[in-house]
There are 2 protein chains.
Amino acid sequence: MAMTLDERKRKVLRAIIDDYIGTAEPVGSRTIVRRYELGVSPATIRNEMADLEMLGYLEQPHTSAGRIPSAKGYRFYVDCLMDPQSLSAHEEALIRQWYDTRVKEVNQVFQESAKLLSRITHHVSLVLTPQISQCTFKYLQFLPFDERKVLGVMVTDTGLVENKLIEIPAGISMVDLQHIAEVINNQLTGLRFDQIRGELLAELHRQVIKHPLLFQTSLDLLRRTSQVQRGEKVFLGGTTQLFSQPEFKDPEKVKAILAMLEEDQLLYDILTPADTEEVHVTIGTENKFSGIQQCSMVTATYAIHGKTIGTIAVLGPTRMEYAKMISVMQFMTRQLTEVLKKFGL
Amino acid sequence: MAMTLDERKRKVLRAIIDDYIGTAEPVGSRTIVRRYELGVSPATIRNEMADLEMLGYLEQPHTSAGRIPSAKGYRFYVDCLMDPQSLSAHEEALIRQWYDTRVKEVNQVFQESAKLLSRITHHVSLVLTPQISQCTFKYLQFLPFDERKVLGVMVTDTGLVENKLIEIPAGISMVDLQHIAEVINNQLTGLRFDQIRGELLAELHRQVIKHPLLFQTSLDLLRRTSQVQRGEKVFLGGTTQLFSQPEFKDPEKVKAILAMLEEDQLLYDILTPADTEEVHVTIGTENKFSGIQQCSMVTATYAIHGKTIGTIAVLGPTRMEYAKMISVMQFMTRQLTEVLKKFGL
DNA sequence: TGTTAGCACTCACCTCGAGAGAGTGCTAAA
DNA sequence: TTTAGCACTCTCTCGAGGTGAGTGCTAACA
């Protein structure tokens, strides 16, 4: 991979990709010399193109068509070639205004972010809500509900709340419950949810052995937070944008992608923040999941209390305005983090 | 509308619709006599068909094609003609088993119901989660969070919970907060959320005038429950089923429908239970929203504590197995209500 | 009077071939 | 090393002609 292209090859590759991103049409040698000033003839370009194809940066749909970039080509473009392209003042204003006028409370943030993101990028957007497993346990409290049930409320340091109705086993009083909560709190407060595991729970169990039934259900409350099940949710936006892309004019392709977007578990896996990079680009076949190997994805993470805790992403054809997307994602995550702060998180 | 069709016209209409539902092809006179035993010749059928078209029950895509049912035709079919068709034992088992194995806690119920419903019907499914505005206020409680914030938790009679982080205004103690909660609870306990309106809030305001700032934010907690904003959510399932229907082979149509399904506000409007009917069928142009006037919709309501509180729906082409859909919806709502009961609601 | 056979006619759909256009690879000259 | 010239390839579009399903009408029939 230390293989570097000479200056002219770079220019040609860049021109081809820029053009293809704009037009979605295979680009030929003539087009290049007409639209980009390289000071050479089409024949020369053709030679360069043949070389670039040999090297794997370009592909040819059929013998007598122009070239289109390969995944490798895009990768090189993203890493080395493209000009950064920042947001227009208008777009920045739109983002700020959107949050100001549309988001009146914290629960709307994520859905509205998804809408906004697809509106700005003209691609499908995905927003993963905060992952509770990255938060720390603050306390558990039982609130009265009726004679036979009690409401367990669990609070995290980041202000997220989980709750569950729990059947009260016979012979247990409200005072007992307070006691149980106290024991649990003493043991768990300050731990991250993904640290609250079997051993710790067993230890707890020994201490609350008197009331195993109740304990069981209140542990459910804890346990479900360490599984990817609830609380976390993926909001989608702009799925209809797929129809506007010429590469998806075949309904079967759209169908395949939409089918994937319905598989929540898959989306969690894709979006769960793995690396610490701020913005990450995955191109075509670099994607693990076959359904979207014709797509590229730009993901970025946002934070609460300085903790990386959620992800936003854009999904579109490999022919994507990468430079623009990256700027948008940077700006959006910063705004999002700020808005969450405003709501006390 | 008191106009009744004679026996043979009914038989013909029924045969045409049954056939069209199965094949999605305009049906001609020959087909009818071949497949359905009416004991007359194609010519006779043609005459009947011409009559039925005059009366508005049938339409002709173009001069030399067979007939297809009109919205009016389907309506008559649903109201008077079709045979009830109940679920197969296999389908009933699938539904029960789905809930047993997949739904481990109450939060999964709705999403899984959407998946299950689209799986069984092969259409797009919609599940509206319980409407908090139909519940009654039980109590509000403040839980400590940190020195500057407090966690307001609001509980309904049906066991639904809303919560919000609230900034503590200077000079207010936890005791003050308890007092405020008490005042609010005295005034509101037992009221339905859609009854908690301006007047009542003003009255409350007079009583808690001491701490207007805090009051404001804790009222937000109440207020947001009377708006269609949060808590309620629409889960979708099987959007890709649209692609399988021949009537939607034009991507533009799919796009239009998907665009509509992204408009949450619209979905609330459509799904919010209006009438008391158990199952309701809306056919083609009977739909208020232009995007789905090529579709039919079968909706049904489910209940918590005997209160009609949410809706499930199926959306598909007008050419739909109405009889089957109605049975499915009846069975599903009954199961759903039961599952919710199992989880203490 | 209701039903049926016969027949001319309509219209969507499929296939095929011709022509245009864009682009390539190769060769030979500059 | 670059460029001009040229034959070749492949896709796309368009129109013509043929096919088949289905209709409406008319006239004969029970």
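In what follows, chains are A, B, ... by sequence order, proteins preceding strands, each numbered from 1.
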> Please give, in whole Å, the distance from dT1(D) P to Glu48(A) CD?
Replying inline: 11 Å

> Does OP1 or OP2 of dG22(D) have a side-chain N or O of Thr31(B) closer than 4.0 Å?
Replying inline: yes

> Would you say Arg34(A) reaches dA22(C)'s phosphate, i.e. side-chain N/O to OP1/OP2 under 4.0 Å?
Replying inline: no

> For Ala43(A) and Pro26(A), take the nucleotide of DNA chain C holding the closest heavy atom to each; which residue's nucleotide lies nearer the 5' end?
Replying inline: Pro26(A)

> Between dT2(D), dG23(C), dT10(C), which nucleotide has the shortest distance from any of its atoms to the side chain of Arg8(A)?
Replying inline: dT2(D)

> Relative to the 5' end of DNA chain D, which residue comes earlier, Thr44(A) or Ser64(A), by the nucleotide with the nearest heavy atom?
Replying inline: Thr44(A)

>> Using whole Å, what does the distance between atom P of nucleotide dA4(D) and atom CZ of Arg30(A) come to?
In response: 11 Å

> Partners of Lys288(A) by salt bridge (charged side-chain N to carboxylate O under 4.0 Å, His left out), sequence neighbours excluded?
Replying inline: none

> Between Gln241(A) (side chain) and Val124(A) (backbone), is there a donor-acceptor pair under 3.5 Å?
Replying inline: no

> So which nucleotide from dT3(D), dT23(D), dA5(C) ends up closest to the side chain of Ser29(B)?
Replying inline: dT23(D)

> Out of Met320(A), Met325(A), Lys324(A), which residue meets the side-chain contact (heavy atoms from CB on, under 4.5 Å) rule with Thr121(A)?
Replying inline: Met325(A)

>> How many whole angstroms separate atom CG of Leu58(B) from atom C1' of dG22(D)?
In response: 14 Å

> Is there a side-chain polar atom (N or O) of Arg67(A) under 4.0 Å from OP1 or OP2 of dT24(C)?
Replying inline: yes

> Closest to the Arg46(A) side chain: dT23(D), dT3(D), dC26(C)?
Replying inline: dC26(C)

> Does Lys72(A) make a cation-pi contact with Tyr57(A) (under 6.0 Å, within 45 degrees of the axis)?
Replying inline: yes

> When the distance from CG of Asn47(B) to C1' of dA27(D) is rounded to whole Å, what number comes out?
Replying inline: 14 Å

